[in-house]
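Okay, structure first, notes after.
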Amino acid sequence: MTETLAPALVWTGERFERDVLVTVGDDGRIADVARDASGVEARSLPHRALLPGLVNAHSHAFQRGLRGKGERFAEGAGSFWSWREAMYALVDAMDEDKLHDLSLRAFREMLAAGITTVGEFHYLHHDESRRGYGLDRAVLAAAKEAGIRIALLSAYYNTGSIGKRLSTSQERFRSRTPAEYWDSVDRLATNLDARTQSVGCVVHSIRAATLDDLADVHAESRRRELPFHMHVEEQRKEIADCFAAYDRAPLELLAEELEIDARFTAVHCTHTDERDMEAFLDAGGNVCLCPLTEANLGDGIADVRGMLEHGGALALGTDSNARISMVEEMRWLEYVPRLAHEVRGVCLDEDGRNANPLLHAATRGGARSLGLPVGAIEAGAHADFATLDLEADELAGCDADTLLDAWIFGGGNRSIAEVCVGGRWI
């Protein structure tokens, strides 16, 4: 049924505006955005500011099961690689029911944080039999039960590191050949809820596939016009291993071996050379940053300022889901470079506004990365919204001009009142 909404404020792409009506069609998409309210019967939302639903472009839902674990360091310090062992212990204990429950918990937290779309970078395919891809269905079922929109980014994973066999735990990630991998993707595609579910393509990392398999999977993803995501240069060891094997850094190697375009998203790029990043962005590639996870794992600091100065298309993700808060991801996207460069105002638009580019990364940037018509309040987009409670204590005293800045730099998840996915309010 068609419904017209009349919130107190609506985000129209650059600012919050009053007296804007948003009409949702019975197909779950936005039918119209209008500024003439005369004679229109509308549902009043008097204390709400309407935002596009936030887009989480990179999640590993099962890692929600690590929350509170791996934060004690008997040896005096830890690293990504020691954390990975704790993650593999979780993998070894996983079955379909446990994965469903962890994913459901993560997806419900995302909705409560204003996230209406998740790009689930999914590589935990198999149960203890190490066959069958049954765990893929568990993630989709959890997303449907929660009510979140999901792009299941199914991962190809065949080698443990460059030129090495998989470990026992990694066998649960394995696709034996690209053909087997695409068979699994095709089976997924026949079981999707077309209203809220789609698939995308992943090669986990330069560690997880031969160059031939990587090129094969990427070429087929382009033929199918699917989004393609890959972990790139999160750790210095990955770069050193790639140099040892191929005499190139991973992103430079990818640019030589693959045809980069707007469907390609490199996740992390914590230690990427400036020239390699410029070439990648010039080709149209996206970068997804996950500031809270990158901080938690001690990955390092990505060159956000350099990416933006070169017109980088940035998206944000919650990655390990140690903390699920897209507003904090936005805040840290700005604050970490401030600390690194000792300057205030890194993520800026042409008018010197700070909050707008951060929201762009959390909405339109994620939409571009996932290839979905979300992240904007405009005709034709999915009717995916989050509302801010204008009576929330942490937003007290704000007007239309200061509201977004106040929420990003002084607010949090508790300011979110409701979310809507495809016209369905949650």
Side-chain angles (χ1 to χ4, degrees), residues 55-58 117-123 150-157 178 181-182 185-186 189 198-206 208-234 242 246 248-270 272-290 302-304 306-317 357 360-376 380-381:
V55 181
N56 179 2
H58 186 76
T117 297
V118 58
E120 181 60 25
F121 190 115
H122 174 65
Y123 55 89
I150 186 171
L152 188 69
L153 306 172
S154 184
Y156 182 80
Y157 203 127
Y181 166 79
W182 286 113
V185 172
D186 289 339
S198 60
V199 295
C201 180
V202 161
V203 169
H204 177 274
S205 60
I206 201 71
T210 66
L211 284 185
D212 286 345
D213 284 358
L214 169 59
D216 188 324
V217 173
H218 179 256
E220 179 63 12
S221 77
R222 281 175 51 81
R223 189 187 71 80
R224 297 180 181 217
E225 298 184 341
L226 296 176
F228 181 93
H229 288 218
M230 187 170 178
H231 291 129
V232 179
E233 300 180 349
E234 180 180 4
C242 192
Y246 303 118
R248 299 285 189 280
L251 197 61
E252 181 183 8
L253 183 66
L254 295 175
E256 291 180 356
E257 297 290 329
L258 310 178
E259 189 170 348
I260 305 299
D261 60 16
R263 287 188 290 268
F264 194 114
T265 296
V267 183
H268 300 306
C269 296
T270 318
T272 297
D273 177 83
E274 180 180 359
R275 291 167 299 179
D276 294 343
M277 177 54 65
E278 289 183 1
F280 177 76
L281 295 174
D282 285 344
N286 310 288
V287 177
C288 181
L289 300 173
C290 308
D303 183 15
V304 174
M307 293 173 188
L308 291 172
E309 287 176 350
H310 203 71
L314 300 188
L316 287 169
H360 189 284
T363 53
R364 290 180 183 269
R368 184 179 194 265
S369 171
L370 298 176
L372 293 173
V374 296

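If you read the sequence from its start, that first residue is 1, and numbering goes on from there.
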Interatomic distance, CG@Asp282 vs NE2@His310, rounded to 0.5 Å, equals 3.5 Å
Shortest non-hydrogen pair, Leu153 vs Ala57, comes out as CD1-O, 4.2 Å
When every non-hydrogen atom of Leu281 is compared with those of Ala313, the smallest separation belongs to CD2-N, 4.2 Å
Check your understanding: Is it true that atom CD of Glu256 has more than 12 heavy atoms of other residues, nucleotides or ligands lying nearer than 6.0 Å?
Key -> yes
Residues Gly285 and Arg368: closest non-hydrogen pair is O-NH1, 4.2 Å
### Task
Determine the interplanar angle of the His218 and Phe228 rings, folded into 0 to 90°, and report it as parallel if under 30°, tilted if 30 to 60°, perpendicular if over 60°.
perpendicular
Q) Can you find a heavy atom in the side chain of Leu254 that is under 4.5 Å from one in the side chain of Phe280? A) no
Asn286 and His229: side chain donor to acceptor below 3.5 Å = no
**Message:** So Pro357 and Leu308, do their side chains get closer than 4.5 Å, heavy atoms only?
**Reply:** no
Sorted by chain and residue number, the side-chain contact (heavy atoms from CB on, under 4.5 Å) partners of Glu257 (sequence neighbours excluded) come out as Leu211, Leu253
Sorted by chain and number, sequence neighbours left out, side-chain contact (heavy atoms from CB on, under 4.5 Å) with Thr363 holds for Pro52, Leu54, Leu359
Worksheet item: Would you call Arg223 and Glu220 a salt bridge, using N to O less than 4.0 angstrom?
Response: yes
Carboxylate-amine/guanidinium contact Asp276 Arg248, below 4.0 Å: no
Cys288 and Gly317 have their tightest heavy-atom pair at SG-N, 3.7 Å
Smallest heavy-atom separation, Trp182 atom then Ser221 atom, equals CZ2-N, 3.7 Å
CE of Met277 to CD of Glu252, rounded to nearest 0.5 Å, is 13.0 Å
CZ of Phe264 to CE of Met230, rounded to nearest 0.5 Å, is 6.0 Å
The reported gap from OG in Ser154 to CD in Glu120 (rounded to nearest 0.5 angstrom) is 11.0 Å
Fit a plane to each ring of Tyr156 and Tyr181, take the angle between them on a 0 to 90° scale, and name the class: parallel (under 30°), tilted (30 to 60°) or perpendicular (over 60°). perpendicular
Nearest heavy-atom approach of Arg364 to Gly375 is CG-O, 3.6 Å
Query - Side chains of His204 and His231 in contact at under 4.5 Å (non-hydrogen atoms) - result: yes
Distance col, row Glu278:CD vs Asp273:CG, nearest 0.5 angstrom, shows 9.0 Å
Rounding to 0.5 Å, atoms CG (Asp303) and SG (Cys269) come to a distance of 11.0 Å
Residues at least two apart in sequence or cross-chain that pass side-chain contact (heavy atoms from CB on, under 4.5 Å) with Val55, listed by chain then number, are Thr117, Leu370, Val374
